[in-house]
Amino acid sequence: MASSHAESQSGAGLAHHFETHDQQKQSALLGMWLFLSQEVLFFGGLFAVYVHYRMMYDEAFIAGSQQLDVFIGAMNTLVLLCSSFTMVYAVWAAQTGHRTEKRDNGWHVAAGLVGTLFFGAIFLIVKTFEYYGKYVHHEIPGHGFIPPVSNIANPEATEIYFSLYFGMTGLHALHMVIGMAIMLFILPRARRGYWNTKNHNFIEGFGLYWHFVDIVWIFLFPFLYLIGESVPKLT
Amino acid sequence: MAHSTSHASEAHSDDHEHHSIKPHVITLGLLFVLTLVTYLVSLVHLGPLLADLVALAIAVVKAVLVVMVFMHVRESTSLIKITAGAGFFWVFLFFAYLAADVLTRDGITVVEGWSSWLG
């Protein structure tokens, strides 16, 4: 009976292979952290490629970085931080059973998710315009790529920079798209109050995923956008 | 079952789960400030290696804030703390050995500021 997957509103199911709710919760969190650890390695590999080529073609990386709009990157960083906060709000509302006079607990959890979807969507829309700008300027690696500069040692190495730019921000964006698809899927359930003080392992685990995606961007922003700021514009 | 469930869940929605949203609001504010700081620092000409190290340090502080507060590691069990730390520690090792390799190879021209500290 307790092993059924708790479709009830209280949703406080304890799977048969766990002794206590705390054990169940710790197992769920540990599993999520193990998944995130392999995600760290996954993105770590790309950052390692960045470090390696940056050491070889620093000038080209700076020239590539100077083609990006730092203001847009910074604004998008703030947008993503806001989305992490709204995610925290959803998890917090579920954990504490937060409710207000007019709104029940499910409303607050769902509101956090809607906020996260909203900020996530803004981020991706902005990113789309950035990608489009690169397309217009022939800065997408591959056939038709035109180095944006010519007066440096290895102008063609800017293509490596843009490969990493698209690879890393693209993979990051893919993580966001997957996260947002999951959020859309779970939103009605959240609104019904499925996640509450008794049952919040899933939404907490999902929150960890979203924050991880935020952390990846925290490292992408300085190393893709900011590295060319203190250097006079290369041509 | 309903009885045992509500009983267990009382222990479960427990003491170590914070009841105020305030720490999260403060953390968001700090993250905003650090984003501004990293931008302002990038405008100062610190030189190739130092500029990167400072940017990295600020990013690490931001990541630690997210991990500790938003991801609740601050109030997690030791097992979670170790697991969370292990992935990041591995990346640190990975980068240390990568840099040690590339910076000491002949025939690869590396950024002056990055290699000069090797002597």
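All values derive from a computational prediction rather than experimental measurement. Order of the sequence lines fixes the chain letters, A, B, ..., with proteins taken first and strands second; residue numbering starts at 1 for each chain.
- The distance between the ring centers of A/Phe221 and A/Tyr225 falls below 6.0 angstrom.
- Taking the centre of each ring, A/Phe123 and A/His172 come in below the 6.0 Å mark.
- With a 4.5 angstrom heavy-atom cutoff, B/Leu36 does not touch chain A via any of its atoms.
- B/Ala86 does not touch chain A: none of its heavy atoms, backbone or side chain, sits under 4.5 Å away.
- For chain A, the nearby parts of B/Ala63 are the backbone and the side chain; heavy atoms of each come within less than 4.5 Å.
- The candidate from A/Leu226, A/Leu29, A/Val91, A/Thr20 with the greatest count of non-hydrogen atom pairs under 4.5 Å with chain B is A/Leu226.
- Looking at B/Tyr39, the atoms closer than 4.5 Å to chain A (heavy atoms on both sides) sit in the backbone and in the side chain alike.
- Residue with the most contacts toward chain B among A/Val231, A/Val216, A/Ile215: A/Ile215 (heavy-atom pairs, distance under 4.5 Å).
- Ring centroids of A/Phe43 and A/His175 are separated by less than 6.0 Å, placing the two rings close together.
- At a 4.5 Å heavy-atom cutoff, the contact between B/Leu28 and chain A is made by side-chain atoms alone.
- Interface residue B/Val91: only side-chain heavy atoms are found under 4.5 Å from chain A.
- The candidate with the highest count of non-hydrogen atom pairs below 4.5 Å against chain B, out of A/Val40, A/Ile227, A/Ile62, A/Val70, is A/Val40.
- Rounded to the nearest 0.5 angstrom, A/Asn196 CG and A/His108 NE2 are separated by 14.0 Å.
- In this structure, the portions of B/Val25 lying under 4.5 Å from any heavy atom of chain A include both its backbone and its side chain.
- For A/Phe223 and A/Phe61, the ring centers are positioned 6.0 Å apart or more.
- Checking B/Thr27, B/Leu30, B/Leu34, B/Thr35 one by one against A/Leu81, the side chain to side chain contact (heavy atoms under 4.5 Å, CB included) holds for a single residue, B/Thr35.
- A/Trp210 and A/Thr116 share no side-chain donor-acceptor pair at under 3.5 Å.
- Annotation for A/Phe42: atom CZ does not count as buried by contact number, only 12 or fewer foreign heavy atoms lying within 6.0 Å.
- Proximity to chain B (any heavy atom under 4.5 Å) is shown, for A/Leu34, by both the backbone and the side chain.
- Highest contact tally toward chain A, considering only B/Leu43, B/Ile58, B/Leu46, is held by B/Leu43 [criterion: heavy-atom pairs under 4.5 Å].
- Aromatic ring orientation, A/Phe202 versus A/Trp195: parallel (interplanar angle below 30°, classes split at 30° and 60°).
- Within the 4.5 angstrom heavy-atom criterion, only side-chain atoms of B/Phe94, from C-beta onward, approach chain A.
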